[in-house]
Amino acid sequence: MKEQLLQEIRHAVQELFSAQVTEKDIILQPTNKEYTGDTTLVTFSLTKLSKKKPEETGTLIGEYLKKNSKLVSSFEVVKGFLNLTITDSYWKNFIIETLPKENFGFTPPTEKSPQVMVEYSSPNTNKPLHLGHIRNNLLGYSVAEILKATGNRVVKVNMVNDRGIHICKSMLAWAKWGNGETPQSSGIKGDHLIGKYYVLFDKKLKEEINPVPSTEENTEEAEKNSALMKEVQQMLRNWEAGDKETIALWKMMNSWAYEGFDVTYKNLGIDFDKIYYESETYLLGKKIVEEGLSKKIFYKKEDGSVWVNLTDVGLDEKVLLRSDGTSIYITQDLGTAQLRFDDYRELEQLIYVVGNEQDYHFKVLKEIFKKLERPWAYGLFHLSYGMVDLPSGKMKSREGTVVDADDLIHEMNETAKTTTEQLGKVEGLSKEEAEKLYHTLAMGALKYFILKVDPKKRMLFNPADSIDFNGNTGPFIQYTHARIYSVLEKGKKILSENKTGLEIPELNAEEKEIIKIIHRFPETLQEAGREFSPAAIANYVYELAKAFNHFYHLHTIADAENIPLSFFRLKLSGLTAQIIRQSMAVLGIEVPVRM
RNA sequence: GGUCCCGUAGCUCAACGGAUAGAGCAUCAGAUUUCUAAUCUGAGGGCUGCAGGUUCGAUUCCUGCCGGGAUCACCA
């Protein structure tokens with residue numbers, strides 16, 4: 001519709017004012033609710049071409065369109081706004097065409113679709129996941145689903161940080177003071193058990209250097225010189241040398257972490273196509289360093305360290321390799337980026353879902369590959385999201401203010417349970433069905449709460465608000481879906497016995513509003529894909545649910561004045577439920593048929 | 001200090017450079033003999049941090065300031 005209208009407006013401008021206008025200079029937007037009309041042309045920008053006042057320009061174009069366009073039935077000019085009303089027949093046709101479509105608005109990927117990789121989650125194996133990881137996981141999963149739905153071949157990858165000094169800390173603490181404790185013997189979830197020893201290490205370290213020096217600098221120095229730190233560093237060297245005992249311990253403890261992560265991932269409903277492990281990639285990147293050196297893009301300092309100078313693009317000089325020749329974080333990232341484009345030859349984009357504290361790092365990474373003339377450097381994209389704050393302030397692991405992911409999920413489930421029971425909605429459900437429902441609602445609340453916020457913005461996580469089930473929340477939208485299913489159930493006879501086919505009546509304002517919102521679904525999805533923004537979908541589906549509830553209250557659906565009207569409204573309700581389901585699906589949220 | 005991000009109703013968030021800046025929560029007032037009230041309707045609540053600039057038009061773009069955050073490691 002939009003395309004056709006744009007063309008017609010272009011013709012109108014040409015005929016009326018003998019002027020050329022490109023389609024991107026034509027501003028069309030949905031008409032504000034307080035005015036009559038469906039779509040609005042902003043005529044201010046056309047006055048230069050028309051050489052007339054905005055009102056006059058609007059009137060002329062309006063008259064032209066009313067006469068020549070099959071889409072426009074009437075118009076109204078308010079200042080520089082030409083409000084166009086689209087013919088009912090357009091909306092009716094739209095519904096007739098859309099009803100049979102299984103996944104309206106989705107573009108299924110084909111073999112020729114662009115290939116895109118989304119890296120997200122990226123946990124450390126020394127502690128369990130927390131609230132910050134949850135935002136990351138939900139964003140990554142949703143963005144991947146949105147990209148799939150907009151015609152991309154998506155590869156979801158997880159980059160597990162499974163090695164390094166921090167991993168050795170929990171290993172050493174366990175070896176020294178663990179007495180052979182395992183997840184089985186203790187009943188503690190694997191990742192939490194490891195976290196326990198990571199914390200214990202820190203505690204023992206503090207004890208050793210007691211009294212703790214007053215300044216941060218001195219503390220760091222004291223820790224560095226402690227016997228415990230020396231022991232950990234030795235352990236890391238042993239690990240790098242492939243010492244059998246160390247490797248065995250490492251493997252055992254990492255497997256505990258993975259068992260734990262798997263449970264959390266399953267509860268969150270997220271998954272991956274491929275998992276990369278740092279232990280397998282941390283040595284990569286040295287080849288890239290050599291390449292950069294030979295191309296004179298990098299340079300070596302006297303001590304042997306390798307650097308790149310990025311001051312020409314507004315960044316600093318950056319170390320890429322230590323003076324002892326060992327690699328650092330960015331060395332590895334250089335290597336893995338190359339590895340991925342080697343693994344997936346058709347890869348066009350690599351999206352890193354990583355917090356905004358690493359903005360600088362990813363700028364550097366991209367600039368380096370631009371200098372190395374990798375054509376895919378421009379496809380590197382850092383999906384940078386803001387930190388999650390608590391009402392009490394920042395989350396700090398040292399101060400124990402971190403919200404644990406498993407605890408949070410558990411609490412959400414409990415709240416969903418008590419709320420549902422209080423409302424008496426569990427009648428007739430088996431225990432399993434009820435449990436599943438609680439989880440669906442709990443995750444709906446949590447995921448929607450987090451995803452409705454623009455990713456790049458810092459967000460406040462207030463547990464009390466997040467488990468709210470009223471208003472602009474996941475459960476509100478889930479409820480609308482369930483409510484529609486209840487109506488469909490009531491009208492199933494009409495739906496199955498329909499003989500006359502679909503007759504669309506004169507549309508009332510509420511029906512038309514729903515249809516208009518559904519009409520916007522494909523472009524909203526495209527926008528969400530373009531902007532990597534699940535929030536765009538979240539806000540959209542809320543609007544749709546709200547419009548439906550409004551309609552529901554004013555009009556009878558399954559028992560309307562006549563059967564054809566009921567049939568039409570049932571169909572429209574069913575389509576609404578479908579769009580809600582599709583929207584929620586790309587957010588990673590399930591919708592129940594009753595609640 | 002340099003660089004980057006963010007400042008919108010009491011609170012949490014919306015608003016491709018467009019109309020009188022919108023929702024939810026909270027507050028107050030209403031709606032259920034009728035398909036799910038986890039719903040719906042209404043009211044109050046704003047110098048969009050401040051000051052300039054560009055524009056027919058700025059919450060949006062530019063400059064400066066104020067406030068919050070991140071980053072500037074041979075850490076990851």
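In what follows, chains carry the letters A, B, and so on, assigned in the order in which the sequence lines appear, proteins first and then strands, with residues in each chain numbered from 1.
Heavy-atom distances to RNA chain B give each of A/Y329 and A/R483 a nearest nucleotide, and the one nearer the 5′ end belongs to A/R483. Each of A/K363 and A/T473 lies near RNA chain B, and the nucleotide nearest A/K363 is the one positioned closer to the 5' end.
Of the C1' atoms belonging to B/G52 and B/U27, the separation is 39 Å, rounded to the nearest Å. One P atom belongs to B/C11, the other to B/G49, and the distance between them is 13 Å to the nearest Å. B/U63 and B/A9: their C1' atoms are spaced 29 Å apart (whole Å). The separation of B/U33 from B/A23, taken at their P atoms, amounts to 28 Å, rounded to a whole angstrom. With C1' as the reference atom, B/C61 and B/G18 are 14 Å apart, rounded to whole Å. B/C35 and B/C28 are spaced 30 Å apart, taking the P atom of each and rounding to whole Å. Here, B/C65 and B/U71 have their P atoms 23 Å apart, quoted to the whole Å. Comparing the same atom, C1', in B/G45 and in B/G1 gives a spacing of 42 Å after rounding to whole Å.
Among the protein residues, A/Q358 comes within range of the nucleic acid bases, having at least one heavy atom under 4.0 Å from a base atom. Among the heavy atoms of the strands, none lies under 4.0 Å from A/S384.
Under 4.0 angstrom from either OP1 or OP2 of B/A37 there lies at least one side-chain N or O belonging to A/Y552. In this model, the phosphate group of B/G24 is not approached by any side-chain N or O of A/N470 to a distance below 4.0 Å at OP1 or OP2. Between A/K490 and B/U34, a side-chain N or O to OP1/OP2 separation shorter than 4.0 Å is absent. For A/H166, no side-chain nitrogen or oxygen approaches OP1 or OP2 of B/C75 to under 4.0 Å. Contact annotation: A/R322 side-chain N/O to B/C75 OP1/OP2 distance is under 4.0 Å.
In this entry the distance linking CG of A/L423 with P of B/U36 reads 15 Å, nearest Å. Straight-line distance from the OH atom of A/Y385 to the P atom of B/U71: 13 Å, rounded to whole Å. The distance from atom CD1 of A/I557 to atom P of B/C35 is 11 Å, rounded to the nearest whole Å. One can place CZ of A/F548 at 14 Å from P of B/C35, the figure rounded to the nearest angstrom. Rounded to whole Å, atom P of B/A73 lies 7 Å from atom CG of A/D316. Per the geometry, NE2 belonging to A/H361 stands 19 Å off P belonging to B/A70, to the nearest Å. The CG-P distance, from A/D389 to B/G7, rounds to 14 Å in whole Å. The interatomic distance linking A/R594 (CZ) with B/U39 (P) rounds to 17 Å, in whole Å.
Counted by atom type alone, A/T281 and A/Q332 present one or more donor-acceptor pairs between their side chains at under 3.5 Å. Inspection of the A/R520 and A/T524 side chains reveals no N or O donor paired with an N or O acceptor under 3.5 Å. Counting only N and O atoms by type, the side chains of A/T40 and A/N83 include a donor and acceptor under 3.5 Å apart.
Side-chain proximity of A/T419 to B/A38, B/U39, B/U41: nearest is B/A38.
Electrostatic pairing of A/E240 and A/R237 does not count as a salt bridge here, judged by no charged N lying under 4.0 Å from a carboxylate O.
Remark: A/R483 qualifies as a cation-pi partner of A/Y552 under the 6.0 Å distance and 45° angle criteria applied to the six-membered ring.
Under the Watson-Crick or G-U wobble criterion, with both distances below 3.5 Å, B/C65 is paired with B/G49. Nucleotide B/A43 forms a Watson-Crick or G-U wobble pair with B/U27, both donor-acceptor distances falling under 3.5 Å. When both pairing distances are held under 3.5 Å, B/U34 makes no Watson-Crick or G-U pair with any nucleotide shown. For B/A9, there is no paired base (Watson-Crick or G-U wobble, both distances below 3.5 Å).
Summarising the geometry, atom CD1 belonging to A/I134 is positioned 5.0 Å from atom CG belonging to A/L408; distances are rounded to the nearest 0.5 Å. The CD atom of A/E278 sits 7.5 Å away from atom OH of A/Y329, with the distance rounded to the nearest 0.5 Å. Annotation: the span from A/S170 atom OG to A/K127 atom NZ amounts to 10.0 Å, rounded to 0.5 Å. To the nearest 0.5 Å, atoms NZ (A/K224) and NZ (A/K230) are separated by 10.5 Å.
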Shorter than 3.5 Å, N or O on both sides, protein versus nucleotides 11-19 of chain B: list them out with atom names.
residue, atom, partner, partner atom, Å
B/C13, OP1, A/L460, N, 2.8
B/A14, OP1, A/D454, N, 2.6
B/A14, OP2, A/K457, NZ, 3.1
B/A19, O2', A/Y35, OH, 3.2
B/A19, N6, A/T40, OG1, 2.9
B/A19, N6, A/N83, OD1, 3.2
B/A19, N1, A/N83, OD1, 3.1
B/A19, N1, A/N83, ND2, 3.4

